[in-house]
K.L.:
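Input: one structure, supplied below.
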Amino acid sequence: MALRGKLTHFLLDEVSSFAMCARFYSVDFKKLRPMILKRIENRAKEYPINSMIPVAQEVLWARSLLIQGVATLMNVFPVLACKFCPEVHIGEQGHLIQTCRGYKRRSKNQVHEWISGSLNDILVPVEAFHLQKMSQEVIKHQQRFDFDRIPAVIELCLQAGAHLDEENSSSSSWKSESTFSGVKGAKSLSSEELMFIATGTLRAWELLRSGIQRLLLVYPAKVCKHCSEVHIGPSGHKVRHCGVFKYESWRGCHFWKKAEVDDLVPPKIVWRERPQDPPVLVNEGRDFYGHAPAVVDLCTKAGAVAPAKYHCMMKVQGLPGRTRVKS
């Protein structure tokens, strides 16, 4: 009992001393905020880093090549998109797998209703606010129309010191990328020429993602925890347009976290048809079918060889999809 009393007395002394320290060393965040902003501004003077400028230029080049290659291959290999959800399928006929999420009032897990797809269905556009400099003040909600929206990859490269040519420096050129039709006469190309284009497109895809990964190690980028909004900079903006309606009590403010490569370049995973699969993928064989990023699936259909890191996802040597018979 005596030992317990001494231990209790010791703990009370520690708690009281901690409370006294907290009282005397309280932090006034209003006074601390200018110091933090000053530190961010001084840190921004070290950017752009000269050694990362070639990486940013390489990312821009790979992005341009990727758009041209995908648009050219889409003239030869049909791309289908679901009318009611973001699902995409590459092939003459859409699959019958019941994964349609549909609209809010539409029943879930239904067969997709397919329409012709576009370039944005393969290369999902991700935009961000264009900043004049990294250390500028946080964008407020009433300022949301004062800043241009440009592709997030381009914004990252601009902050990394890349330079755009005159043809690609205007916002109208970025908006016209989604309507790019690729190389003229693509349907008349031989199989060898298509394979050459597909191989270069797949190489540009890997170069783009690896370059962005390197840039994100140096330059900060944020993504919202509850929606796909991306911001390139040390701190997120305060524009209230978060798309998660159940969090309306937060007035639509974003909750930021560190962005990854998939946030800036979504891979858009699709069901992949293998030689051992039936001509049309059915719902009963969905456990056997493989997946692949849409760009990888499109390029492999043209004869390109997929990197080994995708083989597990693609189930290259997997069993053929078939209807399972109940015992």
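Heavy-atom basis, side chains included; hydrogens, waters and symmetry copies ignored.
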K.L.:
Can you hop from Val79 to Leu189 via hydrophobic side chains spaced under 4.5 Å?
P.N.:
yes

K.L.:
Hey, any chance Leu60 and Ile150 share a hydrophobic cluster, counting ILVMFWY side chains that come within less than 4.5 Å of each other, even indirectly?
P.N.:
yes

K.L.:
State, with a plain yes or no, whether a side-chain heavy atom of Arg63 is found less than 4.5 Å away from one of Pro151.
P.N.:
yes

K.L.:
Going through the checks in order, is the side chain to side chain contact (heavy atoms under 4.5 Å, CB included) test met by Cys299 and Leu73?
P.N.:
CA-CA 8 Å; Cys299 293; Leu73 294 176; 4.1 Å; yes

K.L.:
Can a side-chain donor-acceptor contact be found between Glu273 and His89 if the only test is distance below 3.5 angstrom?
P.N.:
yes

K.L.:
Which class fits the ring pair Trp271 and His291: parallel under 30°, tilted 30 to 60°, perpendicular over 60°?
P.N.:
tilted

K.L.:
Mind jotting down which residue pairs meet the side-chain hydrogen bond (donor to acceptor under 3.5 Å, both in side chains) criterion with at least one end in residues 211-223? Sequence neighbours excluded, please.
P.N.:
none

K.L.:
Please identify each residue that fulfils side-chain contact (heavy atoms from CB on, under 4.5 Å) with Glu58, with sequence neighbours left out.
P.N.:
Leu207

K.L.:
Taking side-chain contact (heavy atoms from CB on, under 4.5 Å) as the test, write out the residues that go with Asn283, two or more places apart.
P.N.:
Ile97, Gln98, Arg286

K.L.:
Over all heavy atoms of both residues, which pair between Ala204 and Leu65 is shortest? Give the atoms and the distance, please.
P.N.:
CB-CD2, 3.9 Å

K.L.:
Does a side-chain heavy-atom distance below 4.5 Å link Asp262 with Pro267?
P.N.:
yes

K.L.:
Output all residues satisfying salt bridge (Lys or Arg N to Asp or Glu O under 4.0 Å) with Glu155, sequence neighbours left out; order by chain, then residue number.
P.N.:
none

K.L.:
About how many Å separate CG of Leu281 and CG of Leu96, when rounded to the nearest 0.5 Å?
P.N.:
8.0 Å

K.L.:
Please assess Ile154 against Leu164 for the test side chain to side chain contact (heavy atoms under 4.5 Å, CB included), listing each intermediate value before the final yes or no.
P.N.:
CA-CA 9 Å; Ile154 293 182; Leu164 295 173; 4.1 Å; yes

K.L.:
Can Ile115 and Leu80 be said to form a side chain to side chain contact (heavy atoms under 4.5 Å, CB included), step by step?
P.N.:
CA-CA 6 Å; Ile115 59 176; Leu80 303 176; over 6 Å; no

K.L.:
Near Lys187 NZ, under 6.0 Å, is it more than 12 heavy atoms from other residues, nucleotides or ligands?
P.N.:
no

K.L.:
When you compare the side chain of Cys242 with that of Cys224, does any pair of heavy atoms fall below 4.5 Å?
P.N.:
yes

K.L.:
State which residues pass salt bridge (Lys or Arg N to Asp or Glu O under 4.0 Å) with Lys301; sequence neighbours excluded, sorted by chain then number.
P.N.:
Asp297

K.L.:
Would the distance check show the side chain of Lys140 and the main-chain N or O of Lys238 forming a donor-acceptor pair, the cut-off being under 3.5 Å?
P.N.:
no

K.L.:
Do the side chain of Trp114 and the main chain of Val88 share a donor and acceptor less than 3.5 angstrom apart?
P.N.:
no

K.L.:
Report yes or no: does Gln276 contribute a side-chain atom to a donor-acceptor pair with the main-chain N or O of Val316 at less than 3.5 Å?
P.N.:
yes

K.L.:
Taking the hydrophobic residues Ile, Leu, Val, Met, Phe, Trp and Tyr, and joining any pair whose side-chain heavy atoms are under 4.5 Å apart, which ones share a cluster with Ile269?
P.N.:
Met313

K.L.:
How would you list, by chain and number, every residue that makes a salt bridge (Lys or Arg N to Asp or Glu O under 4.0 Å) with Arg203, sequence neighbours excluded?
P.N.:
none

K.L.:
Can you name the nearest heavy-atom pair linking Ala304 to Met195, along with the distance?
P.N.:
N-CG, 4.3 Å

K.L.:
Measure across His95 and Val280 and return the closest heavy-atom pair with its distance rounded to 0.1 Å.
P.N.:
CA-CG1, 4.3 Å

K.L.:
Can you tell me how far apart CD1 (Ile67) and CD1 (Ile122) are? Round to the nearest 0.5 Å.
P.N.:
13.0 Å

K.L.:
Any side-chain heavy-atom pair from Thr99 and Asn109 closer than 4.5 angstrom?
P.N.:
no

K.L.:
CH2/Trp205 to OG/Ser210 distance, rounded to the nearest 0.5 angstrom?
P.N.:
11.5 Å

K.L.:
Could you measure the distance from the NZ atom of Lys83 to the CD atom of Glu113? Nearest 0.5 Å is fine.
P.N.:
4.5 Å

K.L.:
So Leu298 and Val295, do their side chains get closer than 4.5 Å, heavy atoms only?
P.N.:
no

K.L.:
Evaluate the side-chain proximity of Val305 to Thr300: yes if any heavy-atom separation is below 4.5 Å, no if none is.
P.N.:
no

K.L.:
Picking from Pro86, Pro266, Ser228, what satisfies side-chain contact (heavy atoms from CB on, under 4.5 Å) with Val124?
P.N.:
Pro266

K.L.:
Shortest non-hydrogen contact from Ile232 to Ala221?
P.N.:
CD1-CB, 3.8 Å

K.L.:
When clusters are formed by joining ILVMFWY residues with side-chain heavy atoms under 4.5 Å apart, either directly or through shared neighbours, do Leu66 and Val261 land in the same one?
P.N.:
yes

K.L.:
Go through the structure and list residues passing ring-ring contact (aromatic ring centres under 6.0 Å, His included) with His237, not counting sequence neighbours.
P.N.:
Phe129, His231, His241, His254, Trp256

K.L.:
Taking all non-hydrogen atoms of both residues, which atom of Val138 and which atom of Gly236 are closest, and how far apart?
P.N.:
CG1-O, 3.3 Å

K.L.:
Considering all heavy atoms of both residues, which atom of Leu119 and which atom of Ala71 are nearest to each other, and what is their separation?
P.N.:
CD1-N, 4.1 Å

K.L.:
Look at the side-chain heavy atoms of Ile, Leu, Val, Met, Phe, Trp and Tyr, link any pair under 4.5 Å apart, and say whether Met52 and Leu208 land in one connected group.
P.N.:
yes

K.L.:
Calculate, to the nearest 0.5 Å, the distance between atoms CD1 and CG belonging to Ile90 and Asp121 respectively.
P.N.:
10.0 Å

K.L.:
Using atom types as modelled and distance alone, determine if a side-chain donor or acceptor of Arg274 lies under 3.5 Å from a backbone N or O of Lys315.
P.N.:
yes

K.L.:
Taking transitive links into account, so neighbours of neighbours count too, which hydrophobic residues share a cluster with Phe196 at under 4.5 Å side-chain distance?
P.N.:
none

K.L.:
Can you name the residues that form a side-chain contact (heavy atoms from CB on, under 4.5 Å) with Lys225, not counting sequence neighbours?
P.N.:
Phe255, Lys257

K.L.:
Does any part of the side chain of Val126, heavy atoms only, come nearer than 4.5 Å to the side chain of Leu264, both counted from C-beta?
P.N.:
no

K.L.:
With hydrophobic residues grouped by side-chain heavy-atom distances under 4.5 Å, do Ile49 and Leu215 end up in a single group?
P.N.:
yes

K.L.:
Give, for atom SG of Cys85 and atom CD of Gln110, the distance between the pair rounded to the nearest 0.5 Å.
P.N.:
11.0 Å

K.L.:
Between the main-chain N or O of Ser190 and the side-chain N or O of Glu193, is there a donor-acceptor pair closer than 3.5 Å?
P.N.:
yes

K.L.:
Can you list the residues that meet the salt bridge (Lys or Arg N to Asp or Glu O under 4.0 Å) rule with Lys309, with sequence neighbours excluded?
P.N.:
Glu206

K.L.:
Output, in order, the C-alpha distance, side-chain angles, deciding distance and verdict of side chain to side chain donor-acceptor pair (under 3.5 Å) for His311 and Gln317.
P.N.:
CA-CA 9 Å; His311 288 181; Gln317 303 297 333; over 6 Å; no

K.L.:
Report yes if the side chains of Gln159 and Leu131 come closer than 4.5 Å at any heavy-atom pair, otherwise no.
P.N.:
yes

K.L.:
Using the side-chain contact (heavy atoms from CB on, under 4.5 Å) criterion, which residues pair with His163? Sequence neighbours excluded.
P.N.:
Gln57

